[in-house]
Amino acid sequence: MGLKNKVSDVIALGKKYWNEPAKGNYVPYKEVVNLGVAGFGVNWTSLLASTIGLDAANFLVGASIGLKPLDLQVMLIVANILGLPIALFRGWYFDNSHMKGGKFIPLIMRSSIPIVALSTLFVWLPFENWEYITKAIVVEVFYMILQFFLCFYNEGWAYFQQIISPNAQERATVMSISQIIYSLAPSISGLVIPTVAGWTYGMNNIQTYRTIYPVFSIVGLVLNLVFFRKLKERLILPKRRIEYVSIIDAVREVAKNKYFWIINVASWIGFMEGAFGVTLGWSFVYSHNGEKAAQLGIANTIIGNAALWAMLLAPFAIKKLGKRNLLILCNLTNVILISILYFSYESLFAVVVIMFLNGFVNTFGNIYLPNIQADMRDYHQWKTGVRIDGLFGPLALIGTVLGFFTGLVVPAVYEKMGVHEDYDVLYNDALRNNLFEALIICSIIGAILNLIPYLFYDLTESKHRGYVNVLKIRAMFEDYGNGNLDNDELKDAMEVINISRELDGQEKHKIDKSNLKRAKVMPKKTVEEKEIRKQAISEAKAVIRQEKQRNENIECAPIVIEELNKFSTARYQKQLESAKETYSYGELHLYENANELLKAAKKLPKSTAEEKIIRNDEIKLARTKKKASKIIAKNNGNLVLPTKEDEEAIQSREAKNIIESVKNKKDLKKLVKARSLYYRAAAPYINAKNIIVQEENYTHLAEIENMYASVCE
C-alpha cells in the first residue's frame with residue numbers, strides 16, 4: 001500500500017503541475033519532458049558530425065581514414081586559428097541577435113539541417129581512393145565548415161539550458177530530469193552502433209559511418225525540429241529592452257569577473273584529464289586480437305547506465321553540498337578512480353567497472369558545471385547591468401590559443417609510444433599497455449590541476465539567489481517606468497523586497513532536528529501509529545525547511561537592501577552626476593576632450609575600495625565617450641538609427657530572382673551595421689539615460705507598494 005500511495009502521489013503531482021509550474025518555479029512538467037526529447041534530437045543530430053574530430057583517438061579520421069596523430073593535431077591548430085574570428089563573431093551574434101522565437105532556439109533549429117547534410121556527405125566521400133595529402137585537405141575543409149555550424153548548435157544548446165529557469169535549484173532539477181530522458185539517446189546509439197559494427201564492418205571501418213550513423217542523425221533532426229518549438233527561454237530582463245553589446249566593452253568587463261577566470265583556468269590547466277578515455281574503446285577493439293570488439297556496445301550500455309543514477313541524485317547532492325563542494329568531491333573521487341585504473345587496465349572487467357564509476361562521478365558535472373556557468377552569468381549581469389552569454393567567448397579563446405601547444409602533448413605521447421598512421425600496432429599488447437600507463441598518468445595530473453582553481457570559488461547558492469533577486473527588482477522598476485509591469489512580476493519582486501526588509505540584520509537560526517529525530521523513533525506497529533508518525537515526521541521536516549529558507553533569505557537580504565539604497569551611496573551619486581552632464585549634451589555629441597577625460601579619470605584617487613569603484617566607473621565612461629567620438633568623427637556625424645519598420649520593409653520584399661535576393665541581403669546587412677554604429681556612437685547618452693531613468697524609477701517604490709497592495713486584496 002505504501003508504494004502504491006507513493007506512486008499515486010507522484011502521478012497526482014505530475015497532473016497538477018503538468019501545464020502550470022509550482023509556486024516559486026517557472027517550468028511546468030510538460031516542458032521538462034519536451035526538453036528531454038529535444039535533448040534526444042540534439043544528441044543524435046550531432047552524433048555523426050561529432051565523430052569527425054581531429055585527434056588520434058578518433059576512430060573515423062584516425063583508424064578509418066588513416067591520418068597520423070601529430071598531423072591531426074597540426075590540422076586542429078590550423079582550424080582553430082582560422083576559426084578565431086568566427087568565434088568572436090559567434091559570441092557577438094549570440095548577444096546581439098534578436099530573432100522571433102528567442103535568443104538561442106532559432107539558431108539551434110537553423111544550424112541542425114546543415115550539420116546532418118554535411119556530415120552525411122563527408123562519410124560518403126571516396127577517401128579509400130585518395131592520396132594521403134588529399135584526404136588530409138578534405139578532412140580539414142569539412143571539419144572547419146562543420147565546426148562553424150556545430151559551435152552555433154552546441155553553444156546555443158548549452159546557453160539555452162542555462163536560461164530555462166532563473167531559479168538555480170529548479171534549473172538543476174530540470175536539467176537533471178531532462179538529462180535522464182535524453183541520456184537514453186547515447187545509451188541506445190552506444191549499444192546499437194558498436195554491436196552492429198562488430199557484426200559487420202567494425203568501428204575502424206568507414207562503412208560503419210556511412211550506413212549506421214546517418215540513420216540516427218536523420219531521426220535526431222526530426223526530433224530537433226519538432227520539440228524545440230515547444231520550449232521557452234527565461235531571461236530576467238525588462239520587457240522591450242534590446243541592448244547592443246560591444247565586443248571590446250564586454251571583454252573588458254569579463255576580464256574583471258573572477259569566476260570566469262576560475263572556471264576557464266581550471267579547464268585550461270586540466271587539459272590532460274581525459275587522456276585515459278581511449279582505454280575503454282581501444283581495450284575492446286584491439287586486445288584479445290579484436291575478438292571482444294562486438295562487446296563494446298554492451299560495455300557502453302552498462303557504463304551509460306551510471307549516468308541515470310547520478311542524474312537522479314544530482315539535484316539532491318547540489319542542495320545538500322552546494323555546487324562548489326560537490327565539484328571538489330567529484331574531482332577528488334575521479335583522481336582516485338584513475339589511479340586505481342593504472343593498476344588494473346589489463347582486465348576488461350576492471351576497466352568497465354572503473355569507467356562505470358567514473359561515468360557516475362562525471363555525470364554530476366553535466367548538472368553542476370552548466371549551473372556554475374549560469375550562476376557566473378547571472379552574477380555578471382548583476383554586477384555590470386548587461387546580460388551577455390556569447391561574449392564570454394572572446395576571452396575564453398585564450399584557451400584555444402593555449403590548446404595549440406597543450407594539444408600537442410597527448411598526440412606526442414601516442415607517437416612516442418609507437419602509434420602513427422597504422423593503428424593496427426595497438427594489437428601489440430606490450431605497446432598498447434605502455435601507452436595506457438602513460439595516458440593514465442597524464443590524466444591523474446590533469447585531474448589534480450583541474451581541481452585547484454575551484455578551491456577559490458566562493459559564489460554560494462545564497463549569494464547567487466540574492467543577485468537574481470536584485471535582477472527581478474531592477475526589471476520591476478524599469479517595467480513600471482515603461483508601463484509594462486504585470487501582476488506576476490510585481491508580486492515576485494515585491495515579495496523579495498518585503499522579506500528582505502523583514503530579515504535584514506537578523507541572525508540565522510541553528511537548525512534544530514530534535515523533533516525530527518523524536519518523530520522517527522515513534523511507534524509504528526499499528527496503522528494509526530504509522531499515520532501519526534508519518535504526520536509528525538512531515539511536520540518536523542516542514543519546520544526544518546522553513547528555518548533553512550529563513551536562513552537563506554537572511555543571507556540574501558543585505559544584497560537586496562543594498563540595491564534599494566544604492567542611489568544614496570557616493571558611487572551612484574557620482575554616476576548620477578556624470579550621467580546628467582552627459583545626457584545634457586544630446587545623443588550624438590562629439591567629445592573632443594575625450595582623451596583629457598580619460599587621463600583625468602585615471603588620476604582619480606584609489607586608496608579605498610569605494611574610490612577604486614568610482615575611478616573605474618569614470619574610466620569606463622571616458623572610454624565610451626572616446627570610442628563614440630571616433631565613430632561620429634569617422635562618419636562626419638551622419639548616423640541615423642534604422643527603425644523596425646525599415647527592417648520589416650526589407651524583410652518583406654519579394655525577390656523574383658537571385659540578383660534581387662542578394663540585394664535584399666546586402667541591404668539588410670547595411671541596416672544591421674548602421675544600427676550597430678548608431679548604438680556605439682550614442683552609447684554615452686544611452687547609458688546616461690538608463691541611469692537617470694533608473695534613479696527616477698526607484699523613487700516610485702511607494703507607488704509600486706500601493707499597486708502591490710491593491711493586487712493582493
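- Residues that satisfy the side-chain contact (heavy atoms from CB on, under 4.5 Å) test with R210, not counting sequence neighbours, are V123, W124, E128, I206, Q207.
- When the ring-ring contact (aromatic ring centres under 6.0 Å, His included) test is applied to F149, no partner is found at least two apart in sequence or on another chain.
- With sequence neighbours excluded, the residues that form a side-chain contact (heavy atoms from CB on, under 4.5 Å) with N331 are L327, Y368, N450, L451.
- Annotation: side-chain hydrogen bond (donor to acceptor under 3.5 Å, both in side chains) contacts of T301 (sequence neighbours excluded): none.
- T363 is linked by a side-chain contact (heavy atoms from CB on, under 4.5 Å) to A307, A310, M311, N366, counting only residues two or more places apart in sequence or in another chain.
- For E495, the salt bridge (Lys or Arg N to Asp or Glu O under 4.0 Å) partners are K23, not counting sequence neighbours.
- Checked against a 6.0 Å centroid threshold, the rings of F122 and F127 count as neighbours.
- Evaluation of the salt bridge (Lys or Arg N to Asp or Glu O under 4.0 Å) rule for D646 yields no partner, not counting sequence neighbours.
- Between W382 and Y467, the ring planes are parallel. Angles under 30° get that label, and only those over 60° would be called perpendicular.
- We find that K323 and E461 are joined by a salt bridge, their nearest charged nitrogen and carboxylate oxygen being less than 4.0 Å apart.
- Put simply, the side chain of L47 reaches to within 4.5 Å of the side chain of W44, judged on heavy atoms.
- A pairwise comparison of heavy atoms in V361 and C330 identifies CG1-O, 3.2 Å as the closest pair.
- Residues passing the side-chain hydrogen bond (donor to acceptor under 3.5 Å, both in side chains) test with E552: none are found, sequence neighbours excluded.
- Partners of E155 according to the salt bridge (Lys or Arg N to Asp or Glu O under 4.0 Å) rule, which considers only residues two or more places apart in sequence or in another chain, are R90.
- Judged as a side-chain hydrogen bond (donor to acceptor under 3.5 Å, both in side chains), and not counting sequence neighbours, Q147 has no contacts.
- Not counting sequence neighbours, the partners of N469 by the side-chain contact (heavy atoms from CB on, under 4.5 Å) test are R465, K472, V496, C556, V560.
- Not a single salt bridge (Lys or Arg N to Asp or Glu O under 4.0 Å) links R324 to another residue, sequence neighbours left out.
- No side-chain donor-acceptor contact under 3.5 Å links R545 and Q549.
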